[in-house]
Structures are given as structure tokens and as C-alpha cells.
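To start, the structure under review is shown below, and the notes come after it.
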There are 2 protein chains.
Amino acid sequence: MTIKDVAKKAQVSIATVSLVIHNNKRISEETKLKVNNAIKELNYHPSRSARGLVSQKTGNIGFILTENHFLRSEPFYTQIFLGAEFEAHNHEFYILLTTVPAIAKSKTKLPRFVLEKNVDGIIVAGTVPHKLVSLLDEHSLPIVYVDYYPEGKESSAVLIDNFGGGKEATEHLIQLHHRNIAFLGGDITHPSIKHRFDGFKWALDAHAIPFDNNNYIVDEVDTSRESGYKAAEKLLKINPGVTAIFACNDAMAFGAMQCVKDEGYSVPQDISIVGFDDVEIARTSDPELTTIAVPKQELGCEAVRLMNRLLESKTVTSHSVTVGIELIKRNSTAVKQ
Amino acid sequence: MTIKDVAKKAQVSIATVSLVIHNNKRISEETKLKVNNAIKELNYHPSRSARGLVSQKTGNIGFILTENHFLRSEPFYTQIFLGAEFEAHNHEFYILLTTVPAIAKSKTKLPRFVLEKNVDGIIVAGTVPHKLVSLLDEHSLPIVYVDYYPEGKESSAVLIDNFGGGKEATEHLIQLHHRNIAFLGGDITHPSIKHRFDGFKWALDAHAIPFDNNNYIVDEVDTSRESGYKAAEKLLKINPGVTAIFACNDAMAFGAMQCVKDEGYSVPQDISIVGFDDVEIARTSDPELTTIAVPKQELGCEAVRLMNRLLESKTVTSHSVTVGIELIKRNSTAVKQ
DNA sequence: AATTTTTAGTTAATCGTTTAACCTAATCTA
DNA sequence: TAGATTAGGTTAAACGATTAACTAAAAATT
């Protein structure tokens, strides 16, 4: 079933069929009806490949993730991806997923879908090597970054309100009368963590609580559960009087929680803990974790919407969106005893 | 950068370039070198659309999921999908995902990627309306079913060893000296649940334990946590002496666990519970759930492998694979007191 | 030495669309 | 009423590959 068959059946030229499909005004209502009937009867649908070849539009969006984020099937980016998939449906896009090495290899290569011109735009989720960003730029495809903003150039991005999250988490603890509050982070040079810390700091300042360097543990290698455990160990050693912890993500929060328990304290009676992300198990842990919920699926969804706008408007103006966060109060925080 | 540019640069015809790309033996080593150099220098990659148009191969695989499985971002099928994505890389495939209504609508439509001839084959994950299966068949594309086997025709499928899982779960309980063992299921006409039950029954028989109808609760509407709770309620009412429960999946197992606790029993001291699936939270629940691990990512991975074989061998012989399961002993089961 | 076969390419048709350029008859315009 | 518009199409040239059919020169066979 090709456009030829439709043309024959409707007794018009293939050009007419194509024009009808694109709803061109030059075609009379009468002819439109004839053609549309033929299309319906033959159950005709234009071939993607043929269409793509001539129009240089594939109807596909590329989605780039770093290997570590994909491999460990980390729920966070998986959720972003699923959100994007979902919204892609509404815009009749298909998503092609690929992973790239997290650290720049000697031979940083572009994803195959870029080289083969198989996508109309690209969504990049999470922090990727800068080398890749500059390679992508050469291809002048619309790009939307998610939870990452490449330095040195205007870009379109969907970002998390990390500052607001850090602020709300901290203010929650302050409202519970905590004053000796610690921040647990991994690599503080990572923008997300940095901003969460900035929010933390801001909240302390706003309530005239002095910042204590002993309440600032950011020398772990990553933000894993193990690092959370180790960070909490250090914290309890140098500052045994701490009554509340804001961990820069849920994984570290769980690690810290484990350590605090192991050291004989109880959560939240002795020490309150707030996380960030609201991963699945925050709902089922013991105690259930108070945390900052990041609307992960919405991040992906917004990315696709933004991409759609970029593809529709020929004037590619870069634009950023920040999605809101929400404090989820559970049982790992309580009024200071 | 098209094949023309390469041809010009290498001073050969475009046909020669194409033949070199396909490693045709008719081309001399010398010319091959010339062409390959030109390809490298221009960083040329054939266009997917052009290639697809003439060769009728897209390099894409369609992945069909029912809406309910996708919407609730159910980890089970998500994991299968991710496993497929991962393996797709190794075979240079891209995966196009789509969802279909779980129950046959009046107007069951084929996925767009089928109509637009945008995939070389289709993976169907989970139970889909039969109407869809027959529609798909008309297009004579290779199809691989995952965790589902359509009745009435030979198909290629990747299946879970449900029987073996039911058997192992039950034998584990028997080895712990349990004799009064209940089966909790949802819709028993669903093949997976049926087979898990068959394994349960087989294990009882093999150890000469009579099957008691009071130990067979399968009248819940679904296999959710809530249904598990309700099923356990019924069970405890009609058979208070039960010492072990085999729930047909983890969700029901958690529901049952909650009910058992609420009724004042303790797990596993009073009642042992085994689940099926090994979802993420089975690792963190209290007590941690003994369950049958299903290698979810491997299911998706095998599906892609099978698809690859179907696409390579022109003789489309349907073939089924069963992936093994594994009993994961945790703390929800113990020796009968 | 004449004929056949092999080697190493090229030419040209084709895949299924889109769309600029063209055409013709009907309708306006002055 | 002649010339200019407009309406409603059609023709034909792309898009960027693949591949069957062809060709010319070199090598092998008789």
C-alpha cells in the first residue's frame, strides 16, 4: 500500500494525494473527500523512511544517558526517561535511547542516531562529558538538557529547583526547632549538590543560625549509600551534638540513617534526617524518609514538550524550565527533643 | 555529507562506495582503501532514511506494552524493557516503545510504527488483547512475545519458568517442615498464575502432602497489595492453623504480610511467606521477603537476541526460550516452630 | 590465437514521498 | 472582450541510498 495505490484508487495524481495528506488548501473539498476515502479504504499510512528521506524529518528524538546512569538501572534517570517516553506519545514522537561513557574517552563518538540522521532533536539527561556537548553542537540539532546545564553557552534545559529544595528541607528542620543541622554531600563542585547546599546555607542565614564548618561533610567520592554512611561516621565524630542531617540525596540519607542507628542513636528521636529525590524505597524504609520529592517523570515530560516547541518554531530560541519540588514529610524527622 | 561526496572524493562511482560499505568482494583492496579513507575523512555515515527506503530495513524494533503496565510505571515490565534496550545496543538496533490499551477497544489500532513501516520486528511484553495479536499477524513481521504466549498458533516467545518457580518456592517451605501451606493468587485463569499454582501443587504431591481447598485463595480481582491483604484475611478466617503462604507475586505477598502482622501473628515466627518476582523492595521490607527472583532484564535481553536471530535467518522458524528463576532466601521464611 | 571466464568496476532503475514549477480552464478586471 | 488572476490540479525533480544488469579489460582455457 503506497501513495501510488491511493492515487490510482482516487483517480488523481500522487501529488494530489500528498497535498491532501498535508491538508493543502489548493485542493477542492470534493477531491479531498475522494482521496480521504481511498486512504481509509486501503488503510494507507505514509512510509516513515520515504517521508524522512525527502523531508529530512524523522519523527524521532534521541535520548542520551551516561552508561553509569543506565547500567545500574538507577531509578532516577529511568523515571525521567519513562516520563519522556510518555509525553513523546502525545506528540507522535518516538524516542531512540543511547548511552555514552560517563567520562570522556580518548575517542568520544557521537551517537549513531546523530550520525545516521535518524533524529530531529536530542535530549541529554544528566551530566555528560563536555567533549560530547561540543560535538553535538556541530550538528546544529535542537538539544534539550535535563538536570544539567553545559557551561559556556545558552542552552535549553529542564532543571530541578535544587536551591529551593535545599531551602525547604532545611527550613523544615528549623521549624522543628533544630539548630545544629549538618549538610552531607558528595562532590560539592557538582552543580546540583552545590545548589542544594546554597539553599541550605540560605535557610540558615535567613533564620540567623550560624553555619558551622563541622556540619559540612562533602569529601566523599560519590553520593552512594556507602558514602552516606562514611560521611555520617565522620560527622558524629567531630560533632556529636548534631540533631539533624540534610543529606544531598536519598541514597546518602539512607547510608547516614544506617550509621546513626549503628552508633546507637535513634531516628528521628535523637537525630532527624532529610533526603532529596524521593526514591521508591523512601516510602518503605524504617523509618520512612522525609525528603524532597523531585517530579522525575515530569522532568522527562517537560523535556519533550520543550523539544516539541523547539522543533515547531523555526526560530530556535533557547529556553529553560525549572520544575518545582515538594517537601514530603514522613517519619525520619521530628521536633527536637 | 552524502554518498556522492564520498564518491567524488574517492574518484569512484557511488555504487562502488556502497559496495565497499557492504564489503562486497568484487572490489579490489586498493579501491576499498581509497573509499574507506574518503569515508573516514568526511566522517560519512549512510542516512538511515535513505537506507531504509530502498532496503526495507529500518534497524528498529518495536516494543509493545499495555498501558496499565506502563502507566503505573510498574517496575516489572520496565525492567524487561530496559534489558531489551541494553541488548539492542549490542545488535545496533533502536527500540521504539508504544503502549496499547490493556483491554480490546472497539477500535483496536495497530501501533503507528507498524503502519508506517518503521520497524523490522516487534516485541510484545505481557498479555495483550487477542485482537491485537491477530492484527499484528497480518503484517507478517517477526514477533517475539515476552511473558505471554498467544494461544492458537506457533510463536516465538521468552517465557518465565513459572512452574519451576512455584515448585521451588513450595519445596523451600516444605523443607522448613511446613505442611499447612496456602496458595494466594489473583485470576487463576491467567497462565502465569496457573503455572505457578501447578508448580505449587506438584511440590505438594511430590512430598505426599494433601492439597487442602481451604489453602487456595484465588478469587481476588487482581494481584495487588490490597488483594493480597484481603486474600490473607480470608485465609486466616477459614484456616487459622496455616503456617506458610506462597503468594503468586511479591505485591500480594506484601499485602498478606501486612495482614498477618495486623492479625497479631509474626513473620516468619508464626507464618512464613514466599513471594514471586523479587521486586526492588523485597530487599528492604521488614522482614525482607523470601521470593522467587525472575531475571527481568534478562527476559528483555533474550527477546532481543531471539529477534536478532529471526531477522538474520530468512527461514522464520518460531522458537521459544524459558529463562530460569532463582529462589532468594531472606527473612520472611523460617523453620516451622 | 581465438574464445571463454573472471575481475573490477559503472550505469541506471528503484524505493515512496514531497514540493517547486508548470499547466489549463474558469473567473475577474478594466 | 482581451488580459490578468485564481482555482485546482499535474509533471517531474529531488531526497540518499541499494543492487540488478551491463561493460571493458585482464586472465585463463583450449
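Per chain, numbering begins at 1; letters A, B, ... match sequence-line order.
- Counting only N and O atoms by type, the side chains of A/D161 and A/T322 include no donor and acceptor under 3.5 Å apart.
- Tested against B/F81 for a ring-ring contact (aromatic ring centres under 6.0 Å, His included), the candidates B/F86, B/F76, B/F63 yield a single pass: B/F63.
- A salt bridge does not link B/E312 with B/R309: none of the charged nitrogens is closer than 4.0 Å to a carboxylate oxygen.
- Residues from residues 3-30 of chain B that place a heavy atom under 4.0 Å from any atom of DNA chain D, listed by number: B/I3, B/I14, B/A15, B/S18, B/H22, B/R26.
- If you check the side chains of B/E87 and B/H91, you find a donor sitting under 3.5 Å from an acceptor.
- The backbone N or O of A/L135 lies less than 3.5 Å from no partner atom in the side chain of A/H139, so there is not a single donor-acceptor pair.
- A donor-acceptor contact under 3.5 angstrom links the side chains of A/D120 and A/T58, judged on distance only.
- Each of B/T66, B/N68, B/D147 was scored for a side-chain hydrogen bond (donor to acceptor under 3.5 Å, both in side chains) with B/Y77, with one residue passing: B/D147.
- Within residues 35-57 of chain A, the residues that place at least one heavy atom under 4.0 Å from DNA chain D are, in residue-number order, A/L53, A/V54, A/Q56.
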